[in-house]
Each structure stands twice: as structure tokens, then as C-alpha cells.
Protein chains: 2
Amino acid sequence: MATLSGSRPPAKTPRPKLRPDDGRLVRGRRSRARIREAARELFAERGFDGATLRAIAERAGMGASSIYRHVRSKEELLVAELADLQEEAWTRFRTEDDRSAPTRDRIQRFLDLQHEVLVESPDLTMIALRATTHTAARVARRVLALQDRTIGLLAEILQRGRMSGELSREADLLAAARTIFHLTQGSRTAWANGLQSPEACREAIDGGVAVLFSGLESPTAGH
Amino acid sequence: MATLSGSRPPAKTPRPKLRPDDGRLVRGRRSRARIREAARELFAERGFDGATLRAIAERAGMGASSIYRHVRSKEELLVAELADLQEEAWTRFRTEDDRSAPTRDRIQRFLDLQHEVLVESPDLTMIALRATTHTAARVARRVLALQDRTIGLLAEILQRGRMSGELSREADLLAAARTIFHLTQGSRTAWANGLQSPEACREAIDGGVAVLFSGLESPTAGH
DNA sequence: AACGGTTTGCGATCTTGTTCGCCTTCATGG
DNA sequence: CCATGAAGGCGAACAAGATCGCAAACCGTT
């Protein structure tokens, strides 16, 4: 269920025996929850850039600087959000996925779910993308990890298609998965900038996937 | 040669006859040039985020606020930079392009040039990408326009490939061009975050393009 | 030469994410 | 039962992009 900040494995380096949660940290956990709730609400109401940290803090019932006891940056709040949504989309896909269906359909379904989830808040996609442009930041790595996970799932689907003989044996499936993912990401950018309706965005993605499946080269041209 | 801010066509709407450049604006033009030079230098020295507006202003010999007489945001300075580089890459391509060469090679060459130009400053790609996440900003539109231009050029190349019979007649070439472009953009993000060498990035792009050309579907499977 | 309008420049100020130093709370251990 | 030390909180302050109102420079016109 992906905890907020870095998870805390019991041992890693000669850590001097981290004190177990003795109940004193309950207050802190509650604060974190309040912060996340306030952030989610305000992001929805005013968008990421419109949601001031001071406003979030106020709604969470604390001073602005206190937030930084629980979160290392404003973006981290949103990335936590995104991670949750992704998780939701993935589990939904896994539960209703028919592994024997045609690969094309499975990919389609995966992208549909992804789209459905992300289309509700342009901010999420956009700010996550923005986060990857702060090359020094921790959040950038986190977002890229999420992307890799998505790409991995796509590759998995394609892999099965190869095994069933639907897909060519020579094709580089990882490259294909990456291509599909980046295509979705890029198409959504145009949509989030108000240049496209969500449907047009979806169609752009589908178009790209279609070409990728059937290939550009003329079947007659003998390579 | 793409002027800095919005170009000034002599007439567009019932503009009350904009006074012609009477030489009074020379000072301004010189200032603009100084700003752009200072910005270019400082971006190269310290990167986009490291280059303070106040520092740029100082090097350009003026106060920080004065910059905003010539530029509407810091990002605009960088986008101007990017536009110039793109223009350079494109003209270089056009001059040395052999329109009768195999489509695959022409695409390859185009991407090579693009890569060569962009690989020198990770900042350019990154900040341009970041700009597209500020959905209200003018620069976002500008960057998206540049992207469209690139996609258009790719589509043009593909178009010729179809006419010569190399490429399938049914394939959606615009979708393909978009896919290629977004693939490059996405791959470069990983590189700019230090997760990949420039070569690995280039290979990732090539891999994606290869799959796109040959297609995923097994040739035996009869659609 | 005086006027009017426009471009350019400047310092003060605002905004907002983030850091800093200090204080309070509180379970633990001597 | 008090010292310890970590977790949480706070207001002040900082950094940097951006805005504002006012002043100077400048040009064509009267």
C-alpha cells in the first residue's frame, strides 16, 4: 500500500537499533494523515500550483514549516497520490484481466484503465512529468520507478503474446513496451495543455499502438 | 531566425497602426541581445536552475526587474535557446539529406542530428519538457509548437517512404511520427536523470524505432 | 522649445517553497 | 523522579521568480 515517505526496513547499515514504534509516534502518523488529506483536497480544488503549502498546512491544522517534518517536498505529496492511483489501476487490471485474451485486447484494456484513472486529474500526470525534470530531486527517481513498473507490466503482457505465437519472435519487447508507455505520456501532455479532448488523446494513443503492432514496412518489401 | 519574443507582423487586427521601428528601439534590441547572451552563458555555466535571474541581470548590466521588459518569464529565455538549436538541427538535416535514401536511414539520420544537438545540454530537453507542464503558460504552447514541427518533419519523411513503396499504404503515418517523437522525448528523460549514458539512450530510441518499422505482430498470423 | 506618448530601467515589494534555531512533548533508563 | 534525547511544532527568515508604480530617455509633433 506504499507508505508515504521512505519505508523503514528494520536494518540496513549499522543503525543503532531504531527504537520500535512505542506509541509516541501515533501523533506523528495522525499528522501525516491530516496533511495528506488536506493536500488531496486542495489539489482537487485548486490544482497543484494553486494549492499553497501554507493553505495545506492551515487545513491540516499546523504551521507551514511543520509539514516538512513529514514530507520532504511539496511534490512528494503529489507523487504519493499518483502512486496510490497507479496501484489501484494495476490491481483493477490484474483482477479483471483475461490472460488468454488476444494480446492486442489486453494492452488496450490496460491502457484504458490507465487512461480512466489519469484522465480525472490532469495535474497528476503533469506534475509527475514535471518532477522528472528536476534531475537532482528524490521525487524524480520515484516517478521514474513508477514508470519502469508500468513499462514492466506492458512488457509482461507482450511476453505472453510472443509465447502464444501472436507476436513476432524477433521483436524487442522491452523496446516496444517503452515505446507504448512514452507514447501515452506524450499524448497526455497535449491533452493536459488543453489542445486535445480526452477522447482525441485516447485515439492518438490507439493510433500509435496500432502502427506499432502492424509495423510500418510494406509487407511486400522483403526487408 | 526566430526572434526572441512574439514577432511583430505589420498588421493583424485593426491595430491602430503600430509605429514603425524608428530607431528608438535600438537600445531595447541591444538590451535583449545582452540578456540572451548572459542567459546563454549562465545556463551553460550553472544550468537553468542554477542561473539566477538576478545573476543574468547583473551580467547583462541591468536590474533584475528590467529583464521582464524584454522577456515574460525565465523559461522563455531557454525556449528561445531551444528553438535556435532545433532550427540549426533541421537546416543541417535538410542540407545533407538525401531524399532518395531508404526511409529508415533518413529517419535514423534525423534522429542522430537531433540527438547530437540535444545531448550537449541536458537542461534544454528537461526544462523544455518542464515548460509543457505549466499548462497555463505561454511557453508551454511554444514548446508544443516546436514538438509539432518536429513531428511534422518526421511525418514528411515517412510520407515519402510510403510513396516510394517502402512503407505500408495503410499505416497511419502521423501516428507513427508522433510515436517516434514521444519515444525520443521519453528516452532522453531517463538519460537526463543520470540513469543512462547518452549511448544507451540512443540505443533505446533505435530499438523502439526498429520495432515500429518491423511491427510486433508475427508475420505468420494472418491479422 | 514644450508636449505627449512610448519604451526602458529601477528599487521596493510580493509570493511561495524551503530552511533554521529554538521550544515542547514524552517514553526511557539510570 | 529527573536527565536524555528523539519526534513534532512554530515563527522568522531566506531564495528566487515575478509584479508594481514611478522616473528617465527618447522621438515625433506642434
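Numbers restart at 1 for each chain; the letters A, B, ... are given by sequence-line order, proteins then strands.
- With respect to B/E116 and B/R92, a salt bridge is recorded, a charged nitrogen being found less than 4.0 Å from a carboxylate O.
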Pairwise N/O distances under 3.5 Å, protein to nucleotides 19-22 of chain D:
none

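- For the pair B/H70 NE2 and D/dA18 C1', the computed distance is 16 Å after rounding to whole Å.
- Between the P atom of C/dG17 and the CD1 atom of A/I67 lies a distance of 10 Å, rounded to the nearest Å.
- Other residues, nucleotides and ligands contribute over 12 non-hydrogen atoms within 6.0 Å of the CD atom of A/E41.
- Within a heavy-atom distance below 4.0 Å of DNA chain D, the residues of residues 43-63 of chain A found are A/R54, A/M62, A/G63.
- Side-chain atoms of B/R130 do not come within 3.5 Å of backbone N or O of A/R130 as any donor-acceptor pair.
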Run the side chain to side chain contact (heavy atoms under 4.5 Å, CB included) test on B/L124 and B/F43 for me, step by step, so that the C-alpha distance in whole Å, both residues' side-chain angles and the decisive distance to 0.1 Å come before the verdict. CA-CA 9 Å; B/L124 271 179; B/F43 287 161; over 6 Å; no
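- For the pair A/E75 CD and C/dT16 C1', the computed distance is 14 Å after rounding to whole Å.
- Taking atom NZ on A/K74 and atom P on C/dT16, their separation rounds to 9 Å, with Å as the unit.
- Using modelled atom types and a 3.5 Å distance limit, the side chains of A/R188 and A/H115 yield a donor-acceptor pair.
- As a whole-Å value, the separation of A/L42 CG from C/dG17 C1' is 16 Å.
- Less than 4.0 Å separates DNA chain C from no heavy atom of any residue of residues 126-136 of chain B.
- Using bins of under 30°, 30° to 60° and over 60° for the plane-to-plane angle, the ring pair A/F110/A/F93 lands in the perpendicular bin.
- The pair A/E76-A/R142 does not count as a salt bridge, with every side-chain nitrogen at least 4.0 angstrom from each carboxylate oxygen.
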